[in-house]
Enquirer: 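Below is the structure I would like to discuss, written out as structure tokens.
Because the structure is predicted, anything quoted here is derived from the model rather than measured. Sequence lines set the chain letters: A, B, ... in the order given, protein chains first and strands last, and positions in each chain run from 1.
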Amino acid sequence: MSARFVVGDRVTAPGLDGSGHTRLPGYLRDRRGIVIALRGSVPLADDRAEGAASPRIEALYTVAFEGRDVWGDACEPGVSVHADLWDSYLEKTT
Amino acid sequence: MSGVHDVGGKPGYGVIEREANEPPFHHEWELRVFALNRTLLAAGVYNLDEFRRAVERLPEEVYERASYYERWLLAIEELLRKKSALKALP
Amino acid sequence: MTKPHDHEHDHGDHDHSLHGASASMSGRVDALVTAFEREGVLHEGDVDRAAQAFMRGARPENGARVVARAWSDAGFRARLLEDANAALDELAIDMSHWVRVKLVALANTRDVHNLVVCTLCSCYPVGLLGPSPAWYKSDAYRARAVREPRRVLAEFGVRIPEETAIRVWDSTAELRYLVIPMRPDGTDEESEDELARRVTRDAMIGAALAR
């Protein structure tokens, strides 16, 4: 599967539907961030956790989130949080 | 899915306890659990995400009361039951 | 600050252990190993050999060598920041005992301080740093590091100026992060070995400064 995003893209992280294992932390769900790096294509953790014989292979990105955007204005100054997220966890935004 | 393991940003935690001169493992059995997990992963009995999932699916009260490597042991036991790798667990 | 629960149960010998004392844990591990050996999934001694190889090979001295080289050699530092796995190959650190992962090096500067965590479990570059400490694996660190890193670092005795940004890296996939701490002042004349001795495991997580 080809990468849907490039470095600099603004994204949100709705994650995948379902009740299984995922590597999108709850605190980042639906938050807005920026893609800062492409990390190759790797098997989707959600599929691997089910023991899938052919897990989906997807682009992996490092996404940077401003602390204020994650925790609100009370966040400590100058803090950003980064996470490594699979393509299907993300949607493009403005 | 958010579960008991998904603690990023969860409020209510206090001082992070740190042990001076902490040994790599507090007990021999912890090192053995660590090495057992590695060996089983290398042998392809299960993959790392299956293992994480098994830890995440521990009942909440079990997860919270178990020590870190106890969670691993419980997860490995559960995985084996699930995969029927063992016909009878000891 | 009050805690509704004490979540810092990271030791195997406390009385609240669901399954009793470490002797019983030991018995359960042994029984599992034996059962696997009987099933042919493991061979006798596999687990012990894996344990020994791991303890021999996975040590913070590995990461410290990488940092000391990056401090001493600007070209290496640049290559390390560009492609850490390739740069690591230059140092011939024995990595045979650990699963090869994609490594990313993060340089601390006056403008940026990096801190590594795994909120979902406890992912960590064991091959370079050795076994992870209990505090890194604790629910408290995993909960607080992404939310209030300045306060966590201050509690650890690390004061980061307000003008310095803090980047927290949550290891959610199979990337592992190595922090290159700032080189202490007044160390220009030191050899790589001397420099490496200044680099602690905690500094390579971003939870301490180099000595």
Enquirer: Can you name the closest pair of heavy atoms from A:Thr62 and C:Trp169 and give their distance?
Expert: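 Closest approach of A:Thr62 to C:Trp169: CG2-CZ3, 3.8 Å.
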Enquirer: Compare all side-chain heavy atoms of C:Glu174 with those of A:Asp84 and state whether any distance is below 4.5 angstrom.
Expert: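 Side-chain contact under 4.5 Å: no.
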Enquirer: Quick one, A:Leu60 and C:Leu175 - any side-chain contact, counting heavy atoms below 4.5 Å?
Expert: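 Counting from C-beta outward, A:Leu60 and C:Leu175 do come under 4.5 Å.
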Enquirer: Sort A:Val79 into side chain, backbone, both or neither according to what part of it lies under 4.5 angstrom from a heavy atom of chain C.
Expert: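 Both parts, backbone and side chain.
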Enquirer: Please look at C:Val112 and chain A and tell me whether the side chain, the backbone, both or neither of the residue comes under 4.5 angstrom of a heavy atom of that chain.
Expert: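 For C:Val112, there is no contact with chain A at all, as no heavy atom is under 4.5 Å.
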Enquirer: Is A:Ala83 close to chain C through its backbone or its side chain, or both, or neither, when contacts mean heavy atoms under 4.5 Å?
Expert: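 Contact with chain C is through both the backbone and side chain of A:Ala83.
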Enquirer: Are side-chain heavy atoms of A:Pro25 and C:Asp170 found at a separation under 4.5 Å?
Expert: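 Result yes, sub-4.5 Å side-chain heavy-atom pair found.
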Enquirer: For the CG atom of C:Leu153 and the CD atom of A:Glu76, what is their distance to the nearest 0.5 Å?
Expert: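 Reported value, rounded in 0.5 Å steps: 8.5 Å.
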Enquirer: Find the distance between OG1 (C:Thr172) and CG (A:Leu28) and round it off to the nearest 0.5 Å.
Expert: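 Between atom OG1 of C:Thr172 and atom CG of A:Leu28 there are 8.0 Å.
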Enquirer: Looking at A:Arg23 and C:Ser171, what are the two nearest heavy atoms and their distance?
Expert: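 Smallest heavy-atom distance, with atoms named: NH2-O, 3.5 Å.
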Enquirer: When heavy-atom pairs shorter than 4.5 Å are enumerated against chain A, which of C:Arg167, C:Glu162, C:Arg147 gives the highest number?
Expert: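 It is C:Arg147.
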Enquirer: Do A:Trp86 side-chain atoms and C:Ala173 backbone N/O form a donor-acceptor pair below 3.5 Å?
Expert: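 No.
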Enquirer: Does any heavy atom of chain C fall under 4.5 Å from the side chain of A:Tyr27, the backbone, both, or neither of them?
Expert: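 Contact with chain C is through the side chain of A:Tyr27 alone.
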Enquirer: Check whether any side-chain heavy atom of C:Val168 lies under 4.5 Å from a side-chain heavy atom of A:Phe65, and answer yes or no.
Expert: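 A side-chain contact is absent here, since even the closest heavy-atom pair is not under 4.5 Å.
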Enquirer: A:Pro77 versus C:Glu163: any side-chain heavy-atom pair under 4.5 Å?
Expert: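 A side-chain contact is absent here, since even the closest heavy-atom pair is not under 4.5 Å.
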